[in-house]
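Scope of the values below: all heavy atoms of this structure, side chains included, with no hydrogens, waters or symmetry mates. Here is how names work: the chains are called A, B, and so on, in the same order as the sequence lines, proteins then strands, and each is numbered from 1. Computed from a predicted model, the values in this text were never measured in an experiment.
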2 protein chains.
Amino acid sequence: MTDSRRTDPPTPTTRRGFLHTVGAVGGAGAAFAAMGALGLAPAAASATAPPFRAPRASDFTLTGRSAASVAVVGAGVAGLTAAYELRKAGYDVTVLDARPRIGGRSLTVRGGDTLTDTEGVTQRARFAPGQYFNAGPAMLPQWSLSTDYCRELGVPLEVFSVSNTRTFLHDPDAPGEVRAQTARSDAYGVIAELLAKATDGGALDAQLSAADKERLLEFLRTTGGIGGRSEGWAYPADPRLRGFAVNPGAAGSPGVPLPPPGSLDRVFSRQVAYHWLLDSGFDMASTLLQPVGGMDRITEALADRVGRQRIRCGVEVTSIAEGPGGTRVTCRGPAGTGVLDTAYCIVTTPPLVAAGITGLPAAATALLRTFLPEFPAKIALEYRRRWWEDDFAIYGGITSYGHDSSLWYPSHDHHSGRGVLVAFVEGAENTLHRLSPARRTEEMVRRAERVHGPKARAELASSLSVLWGREPFLESGWQAADMEHNAVVNSAAFRPLTEPTGRVLFAGDWLSNTLGWQHGSMASARRAVERVHARALAG
Amino acid sequence: MTDSRRTDPPTPTTRRGFLHTVGAVGGAGAAFAAMGALGLAPAAASATAPPFRAPRASDFTLTGRSAASVAVVGAGVAGLTAAYELRKAGYDVTVLDARPRIGGRSLTVRGGDTLTDTEGVTQRARFAPGQYFNAGPAMLPQWSLSTDYCRELGVPLEVFSVSNTRTFLHDPDAPGEVRAQTARSDAYGVIAELLAKATDGGALDAQLSAADKERLLEFLRTTGGIGGRSEGWAYPADPRLRGFAVNPGAAGSPGVPLPPPGSLDRVFSRQVAYHWLLDSGFDMASTLLQPVGGMDRITEALADRVGRQRIRCGVEVTSIAEGPGGTRVTCRGPAGTGVLDTAYCIVTTPPLVAAGITGLPAAATALLRTFLPEFPAKIALEYRRRWWEDDFAIYGGITSYGHDSSLWYPSHDHHSGRGVLVAFVEGAENTLHRLSPARRTEEMVRRAERVHGPKARAELASSLSVLWGREPFLESGWQAADMEHNAVVNSAAFRPLTEPTGRVLFAGDWLSNTLGWQHGSMASARRAVERVHARALAG
């Protein structure tokens with residue numbers, strides 16, 4: 001690993017979804033900018049919609065079989081998916097991974113596991129039996145290949161709550177916490193009030209017909225819970241929308257309302273925008289899923305189907321030489337240096353790790369070096385008691401601490417005694433990376449205490465942190481998720497990686513349009529497998 | 001049952017949550033109308049917020065014990081909760097229920113169950129083993145007593161998805177379906193665009209300071225995904241917010257966008273408002289929960305703790321006489337007529353059923369007759385294959401067919417082969433009640449076909465419908481949920497039911513501030529138990 005990999009990305013590191021959304025205006029969204037809903041998308045537009053076609057089930061199949069040999073570098077989601085699909089078509093597959101276990105970033109930590117980072121710092125997980133910590137990916141979109149593979153592989157799924165309106169928005173610059181339910185209701189209610197006033201006052205007469213105005217006013221009144229014209233369209237801060245301080249109960253107990261909304265800069269704070277966006281994107285919108293028992297159920301199931309004897313962990317690939325008849329992979333393992341000669345090779349390590357492999361085509365290596373890694377961290381806080389359920393009635397979801405970190409509550413095994421909270425920190429390079437594991441824990445407990453009080457400290461049972469920038473042979477969480485990425489990977493300039501002419505192919509979420517998602521790794525792996533297969537059958 | 005109970009309520013029957021919200025403006029919300037967020041709630045208001053106090057866990061306890069005898073009429077949620085809490089304090093409890101099984105409206109139907117309605121129509125459930133149908137309540141708010149009792153009773157919980165953005169909004173008056181994700185993104189995006197234009201154009205300068213305007217514009221730009229000032233604040237219909245026709249995949253597959261938003265009357269249609277409101281209320285907002293294996297796990301666990309020998313089903317109470325030393329309950333069972341003499345009696349049947357019991361205080365009976373029942377229906381459609389998961393990637397949530405019916409997808413046992421969809425119909429009195437079970441099924445299959453195509457018919461395995469207006473000894477789903485209800489049940493006029501001076505007490509969700517929720521039944525039951533206990537200890 002070179003130091004240059006550790007420099008901060010040129011843009012400020014912020015929340016993935018946030019960037020997707022905010023950045024989208026200048027990126028993929030630009031193509032649509034000319035056809036905004038007002039005026040340019042007339043009623044007739046809906047008639048041009050193609051008839052709905054149900055998305056296909058997981059039905060990736062290769063026609064024809066081949067016994068050609070393929071080396072797959074990396075036993076993460078992309079590598080194992082590629083190996084699995086190649087095996088189905090008869091290929092002789094060997095998977096090599098430098099890490100001591102399979103899965104790559106799809107890392108689920110359980111009690112007894114030991115992790116040593118690139119600085120030589122070792123942590124041993126002391127979680128109780130049955131507890132687990134998804135240190136990498138945590139959720140699956142319904143429409144994703146990762147969900148499709150769970151069906152195909154028989155991995156049971158359950159709902160993963162991202163947007164729980166009972167979680168808190170914590171603003172480090174302002175006192176007091178507000179539940180997401182209240183904040184979202186207030187923000188939208190005030191927006192409805194303001195827009196209703198402006199519309200009814202004639203400010204939008206140039207854009208809206210009289211009928212459109214009435215339709216809009218009715219929509220705002222209904223969805224925003226605001227008063228009608230005679231009430232001045234006022235947002236009444238109705239507790240049945242924004243929640244109660246004490247919930248309604250028996251007759252005689254109508255509930256106790258919360259304090260009214262604060263000033264406009266609180267109503268429209270960054271924290272509110274963060275929670276609003278949390279489930280706004282096509283990728284994070286509810287409903288999301290997770291494998292029952294841990295995310296590694298997917299990679300373990302893939303490895304079972306591939307055959308464990310075809311997967312070699314602890315083997316680092318140092319060079320890949322390409323000749324007219326095949327590839328020669330040189331690697332270094334516990335037993336020394338060796339070579340593996342195969343007809344094809346698929347490289348699935350993170351791009352900057354792949355860039356360190358010698359012998360690859362120069363054009364490919366140059367492109368691999370252009371990726372900008374991000375260094376998120378996840379810190380598991382195991383508690384003896386699920387006080388967030390018992391005392392705060394929070395079952396899953398995410399509490400935001402501000403724009404760069406958040407606390408995730410488990411969506412499973414409710415009321416089961418122990419539980420693991422996950423603190424998620426983005427752009428961790430400049431903060432947590434300087435701290436020992438114990439001090440990382442202390443920092444995360446301190447943040448949890450600010451929202452939840454002393455039990456966030458008193459009931460802690462154990463802790464473990466994963467800094468993705470320091471995970472051996474991965475050295476990153478994902479690549480910088482600005483919208484330029486999609487434009488670039490889909491462009492002709494990226495063909496040395498996406499359409500290589502030789503026998504070495506590349507795959508990973510970083511060669512997809514869904515950075516940081518297993519879906520992208522799987523889609524990219526399938527693409528690489530299709531190319532190998534086309535060449536193998538062509539002879 | 002008299003015919004008068006079957007008349008339609010005087011107000012149009014619409015969706016519960018919808019009514020809560022829309023009605024709130026004139027009801028409970030009125031108290032807050034004077035302190036809208038603009039101007040009247042200054043920044044300093046947040047300083048007046050009381051310090052946050054975590055809601056208490058289920059810690060209902062009675063101090064002192066009594067061996068006094070109590071008859072509980074009705075073995076539904078309210079009755080069983082009352083009996084359970086009374087048993088904990090030592091009371092000699094007898095529960096009577098006219099229905100053949102416990103649970104009341106918390107009815108979970110499994111294969112082999114037989115149901116006969118008030119018209120003598122019998123249906124036998126033919127669901128496969130492992131399949132179930134929650135014909136009554138289906139979800140638990142996190143903050144509710146029903147969730148607390150699951151913890152106390154050891155009933156495992158899992159997430160119940162209400163708002164799944166991959167479900168469809170179906171407008172019977174307009175062709176084509178749109179996913180909720182797209183509809184919600186478009187509605188909010190256009191709102192953000194319009195409000196940004198009006199704000200930036202100066203239309204709200206009387207209400208907003210320059211700093212407020214900038215804050216609002218930034219919030220709208222971020223959350224709505226709209227362009228900035230230089231782009232005219234246009235909503236670009238970004239597929240990363242509204243979803244894709246074909247989702248993004250590997251490099252080279254950036255995704256295929258959906259058609260642009262339609263005309264404003266489609267963007268702001270009733271269907272969009274319905275889905276928007278679905279999870280907007282304090283009661284329906286995510287995250288919701290359900291017992292693993294069926295809603296009746298709660299009532300069955302309560303009955304186990306009460307002791308089955310104390311619960312007598314098939315016993316109809318016909319009169320309750322009250323004397324200075326106790327009550328005499330006259331009932332009719334399989335073995336003929338009998339009497340039960342106890343110190344106290346708690347009546348938990350639906351109010352119009354209770355009104356049919358003779359001997360109750362006239363003031364109480366008069367009030368019981370004022371309730372306005374609603375007659376919803378649920379129709380289970382069991383399918384041989386979960387085509388909504390396999391072919392539409394819908395895992396839980398609700399598709400709206402319009403304002404009076406919807407289709408609910410299961411949130412559990414994903415990818416398990418068979419599954420049960422639940423069609424929910426409100427105000428069913430005038431439609432389904434005239435049809436045979438087979439024709440009800442046909443009607444629901446027809447609606448599902450309009451959204452999902454022929455597999456909604458071809459893959460049907462079995463069906464069963466429950467019309468709550470025709471369930472014996474219940475004869476209603478819930479009571480009309482207008483906001484006046486809370487005002488009335490909390491008022492002095494209702495004291496003959498809520499604070500009776502004699503030995504007969506009343507409980508049920510209809511005597512609570514959360515109509516139609518088990519939480520209300522439980523809260524009301526606890527209140528009645530507290531009153532019994534206070535009197536018993538006072539001698």
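- To the nearest 0.5 Å, atom CD of residue A/Glu193 and atom CG of residue B/Leu195 are 11.0 Å apart.
- Using a 4.5 Å cut-off between heavy atoms, A/Val272 contacts chain B through both its backbone and its side chain.
- The aromatic rings of B/Trp276 and A/Phe219 stand perpendicular to each other, their planes meeting at an angle above 60°, with 30° marking the opposite boundary.
- Contacts between A/Ala187 and chain B at a heavy-atom distance below 4.5 Å involve the side chain alone, from C-beta outward.
- Distance alone, capped at 3.5 Å, places no donor-acceptor pair between the B/Glu158 side chain and the A/Asp413 backbone.
- When atom types are taken as modelled, the side chain of B/His414 and the backbone of A/Arg151 share no donor-acceptor pair closer than 3.5 angstrom.
- Classified by interplanar angle (parallel below 30°, tilted 30° to 60°, perpendicular above 60°), the ring pair A/Phe282/B/Phe244 is perpendicular.
- Not a single donor-acceptor pair under 3.5 Å links the side chain of B/Ser280 to the backbone N or O of A/Thr223.
- Interface remark: A/Asn247 contributes side-chain atoms only to the contact with chain B (heavy atom separation under 4.5 Å).
- Side-chain contact between A/Leu220 and B/Ile191 is present, with heavy atoms from C-beta onward closer than 4.5 Å.
- Between chain B and the residues A/Thr147, A/Asn164, A/Asp279, A/Val159, the largest count of heavy-atom pairs under 4.5 Å involves A/Asn164.
- In this structure, the portion of A/Leu289 lying under 4.5 Å from any heavy atom of chain B is its side chain and not its backbone.
- With hydrogens and angles ignored, the 3.5 Å screen pairs no side-chain donor or acceptor of B/Ser524 with any backbone N or O of A/Ala250.
- With a threshold of 4.5 angstrom between heavy atoms, A/Leu204 approaches chain B through side-chain atoms but not through N, CA, C or O.
- When side chains are defined from C-beta on, A/Leu194 counts as touching B/Leu216, because their heavy atoms get closer than 4.5 Å.
- No donor-acceptor pair under 3.5 Å is formed between the side chain of B/Ser161 and the backbone N or O of A/Ser286.
- Contact count against chain A (heavy-atom pairs under 4.5 Å) is highest for B/Ala251 among B/Ala523, B/Ala251, B/Gly255, B/Ser512.
- For A/Pro254, the parts lying under 4.5 angstrom from a heavy atom of chain B are both the backbone and the side chain.
- Within the model, atoms CZ of B/Arg166 and OG1 of A/Thr287 stand 10.5 Å from one another, a figure rounded to the nearest 0.5 Å.
- Heavy atoms only, all atoms of each residue included: A/Leu208 and B/Leu264 are closest at CD2-CD1, 3.3 Å.
- In this structure, chain B has no heavy atom under 4.5 Å from any part of A/Leu288.
- By number of non-hydrogen pairs under 4.5 angstrom with chain A, the leading residue of B/Ser416, B/Ser163, B/Ala211, B/Gly202 is B/Ser163.
- Put simply, the side chain of A/His415 never gets that close to the backbone of B/Val155: no donor and acceptor are under 3.5 Å apart.
- Both the backbone and the side chain of A/Trp143 come within contact range of chain B, each with at least one heavy atom under 4.5 Å from a heavy atom of that chain.
- Scored by the salt bridge (charged side-chain N to carboxylate O under 4.0 Å, His left out) test, B/Glu389 finds B/Arg386 as partners (sequence neighbours excluded).
- Within the 4.5 angstrom heavy-atom criterion, no atom of B/Ser185 approaches chain A.
- In terms of heavy-atom pairs under 4.5 angstrom with chain A, the leader among B/Gly252, B/Ala507, B/Gly249, B/Ala285 is B/Gly249.
- Remark: B/Arg215 engages no residue in a salt bridge (charged side-chain N to carboxylate O under 4.0 Å, His left out) (not counting sequence neighbours).
- A/Phe268 touches chain B through backbone and side chain together, each having a heavy atom under 4.5 Å away.
- When each of B/Trp387, B/Phe494, B/Trp510, B/Tyr188 is checked for heavy-atom pairs under 4.5 Å with chain A, B/Tyr188 comes out on top.
- Among all heavy-atom pairs drawn from B/Arg527 and A/Ser253, the shortest one is NH2-OG, 2.5 Å.
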